[in-house]
Amino acid sequence: MIRLENVTKRYGTETVAVRDASFDIPKGEFVFLVGPSGSGKSTLLRLINRQEKPERGDVWVAGRNINDLPQSRIPYLRRSMGNVFQDYKLLPNKTVFENVAFALEVIGKPRHVIARQVPVVLDMVGLGDKADRFPNQLSGGEQQRVSIARAFVNRPLIMLADEPTGNLDPATGEGIMALLDDINQTGATVVMATHDHRVVNSMRRRVIQLDRGVIVRDQERGVYE
Amino acid sequence: MIARITYAFREMWASFRRNLTLTAAAVLTSAIALLLVGTTFLIQRAFENLLVQWSGNVEMIVFVRSDATPDQISLIDQTIRSSPTIIDIGKLRYLDKAASYEEAKRIFAADPVTLSLLTPESIPSQFKVVPLTDDTTLVRSLSEQYRSLPGVEQVALAEDEFQVISTLSRFIRIVTFVMSLVLLIVAVGLIWNTIRTAMFARRREIEVMKLVGATNWFIRVPFMLEGLLQGFIGGAVSCGFLWILNSAWTNGVSKFTPGTGISSLVVPSDYLSGVMIVLLAIGSLAGAVGSAIAASRFLEV
């Protein structure tokens with residue numbers, strides 16, 4: 001589903017964010033990208049959703065090399081992915097329902113489809129009764145659930161999560177992980193960047209560890225070392 | 001498709017209201033710029049009227065010295081009549097001193113000082129010449145010929161008056177054109193800035209839109225509509241001002257005596273409505289282009 005071949009990405013001329021990274025993530029896998037801050041986890045995610053272009057090497061998504069994807073095709077690539085962030089990136093002036101509906105609205109889904117799909121996904125994340133709330137009326141964990149609902153409402157093949165539990169207490173974080181696990185069970189490939197030991201150790205999934213932009217470990221059913 | 005259109009208009013309207021001060025500034029600047037553009041059109045048209053009306057019957061006046069002998073006068077008369085293909089002999093008139101004095105009394109009715117210097121004895125008599133041809137260089141060369149005849153004091157050409165008028169109109173046209181161009185650029189800049197501010201205020205939203213796979217056009221269209229609306233309203237305001245200006249001018253001009261030339265400086269109303277449509281089009285186009293530039297810069301990456 002996702003394949004990187006000898007990918008190098010630098011910011012400016014000095015800072016090497018990712019150096020010669022290669023890995024292959026099959027469809028339906030759950031992968032942790034671990035490592036300290038600045039080790040290149042986020043950059044890897046941004047390379048996969050084409051927010052960044054590699055300096056060298058190729059990035060393949062769903063059998064397609066996305067390096068030479070023309071600018072006009074990038075939106076369609078992103079429709080096959082859901083993105084979840086540490087800071088949720090919810091729109092404060094929209095309700096929970098509207099935030100989730102927004103993702104369908106901007107890709108041109110008709111109203112009746114939106115009216116049908118949004119409640120389903122809100123029920124799935126356990127916020128069916130809070131559709132009319134605004135983000136600032138929700139707890140951090142609830143906001144992250146909204147953000148996951150928004151990422152998943154379009155049933156993407158790939159979920160990219162950048163420190164989704166980073167702002168949450170351990171118990172709330174567990175709930176979020178359970179949700180991402182559920183999504184993974186539906187067949188979606190999940191790639192999650194984190195430096196949360198507890199989460200990685202409890203899930204026992206594939207771990208790709210980075211250190212200063214270099215992949216130093218790629219282990220099935222790994223733990224955070 | 002309908003969902004997209006309603007979305008675009010809803011977003012446009014929301015953003016339009018959110019930045020009311022900036023919007024007002026952009027609308028006002030484009031209105032003033034477009035008003036100048038419109039005024040340029042009208043001035044050009046008015047001067048064209050003036051020139052068109054006069055070029056049909058170009059007139060030359062040969063003034064004869066007051067001390068000229070009857071022989072000299074008849075020589076002038078014969079010379080003029082010797083070019084029947086160029087001069088309309090049928091319309092050739094000779095005003096003797098008495099007739100010339102009568103005419104002068106009318107011309108200088110509002111100028112008693114000039115008139116008091118003239119007497120029926122000292123005033124030059126004159127030949128009024130109507131050319132058959134429109135070729136002004138030919139007429140001019142004839143006037144040079146007449147000027148050298150004995151007894152001729154001066155030859156006046158209506159064409160010389162045209163040159164003053166056309167120089168004046170060219171000058172006014174250039175000045176107003178440059179001013180309106182500068183203001184139009186300022187207006188586009190202001191609309192550009194308004195849209196940029198609107199986009200900056202909504203950068204989170206735009207980021208989310210891009211991440212869930214909205215196309216650049218989908219993001220751009222509401223902003224372009226907003227700029228277009230600003231330009232269109234600016235155009236409408238300028239049309240209102242232009243109408244008021246033109247009505248006032250037309251009213252003022254109607255108080256002048258007909259035939260003085262000033263009365264021809266009036267623009268027909270169908271031309272005015274044509275100019276108004278052009279102003280609305282320019283305003284809308286400038287607004288859409290300005291915001292498209294702003295949006296494209298913001299959507300890079």
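The sequence lines fix the lettering, A, B, ..., with proteins before strands; numbering per chain opens at 1.
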Is A/Leu90 close to chain B through its backbone or its side chain, or both, or neither, when contacts mean heavy atoms under 4.5 Å?
backbone

Given that the side chain runs from C-beta out, which part of A/Lys94 has a heavy atom under 4.5 Å from chain B: side chain, backbone, both or neither?
side chain

How about CZ on A/Phe152, more than 12 heavy atoms from neighbouring residues, nucleotides or ligands closer than 6.0 Å, or not?
yes

Does atom CE (A/Met124) have a neighbourhood of more than 12 heavy atoms from anything else shown, all under 6.0 Å?
yes

Using a 4.5 Å cut-off on heavy atoms from C-beta on, say whether the side chain of B/Leu211 contacts that of A/Asn49.
yes

Sub-3.5 Å donor-acceptor pair from the side chain of A/Arg79 to the main-chain atoms of B/Gly213, do we have one?
yes

Which region of A/Ile107, side chain (C-beta onward) or backbone (N, CA, C, O), has a non-hydrogen atom less than 4.5 Å from a non-hydrogen atom of chain B, or is it both or neither?
both

Taking atom CZ as the centre, does A/Arg56 end up with more than 12 heavy-atom neighbours from other residues, nucleotides or ligands that are less than 6.0 angstrom away?
no

Can you give me the closest heavy-atom contact between B/Arg204 and A/Asp87, atom names plus distance?
NH2-O, 4.1 Å

Using a 6.0 Å cut-off, check whether atom CZ of B/Phe241 has over 12 heavy atoms from anything other than its own residue.
no

Is the count of non-hydrogen atoms from other residues, nucleotides or ligands lying under 6.0 Å from A/Asp132 atom CG greater than 12?
no

B/Phe200 CZ: over 12 foreign heavy atoms closer than 6.0 Å:
no

Salt bridge or not for B/Glu205 and A/Lys89, using N-O below 4.0 Å?
no

For the atom pair CE (B/Met209) and CD (A/Glu105), what is the distance rounded to the nearest 0.5 Å?
8.5 Å

Do other residues, nucleotides or ligands put more than 12 heavy atoms under 6.0 Å from the CZ atom of B/Phe232?
no

How about B/Val208 and A/Arg150: do any of their side-chain heavy atoms sit closer than 4.5 Å?
yes

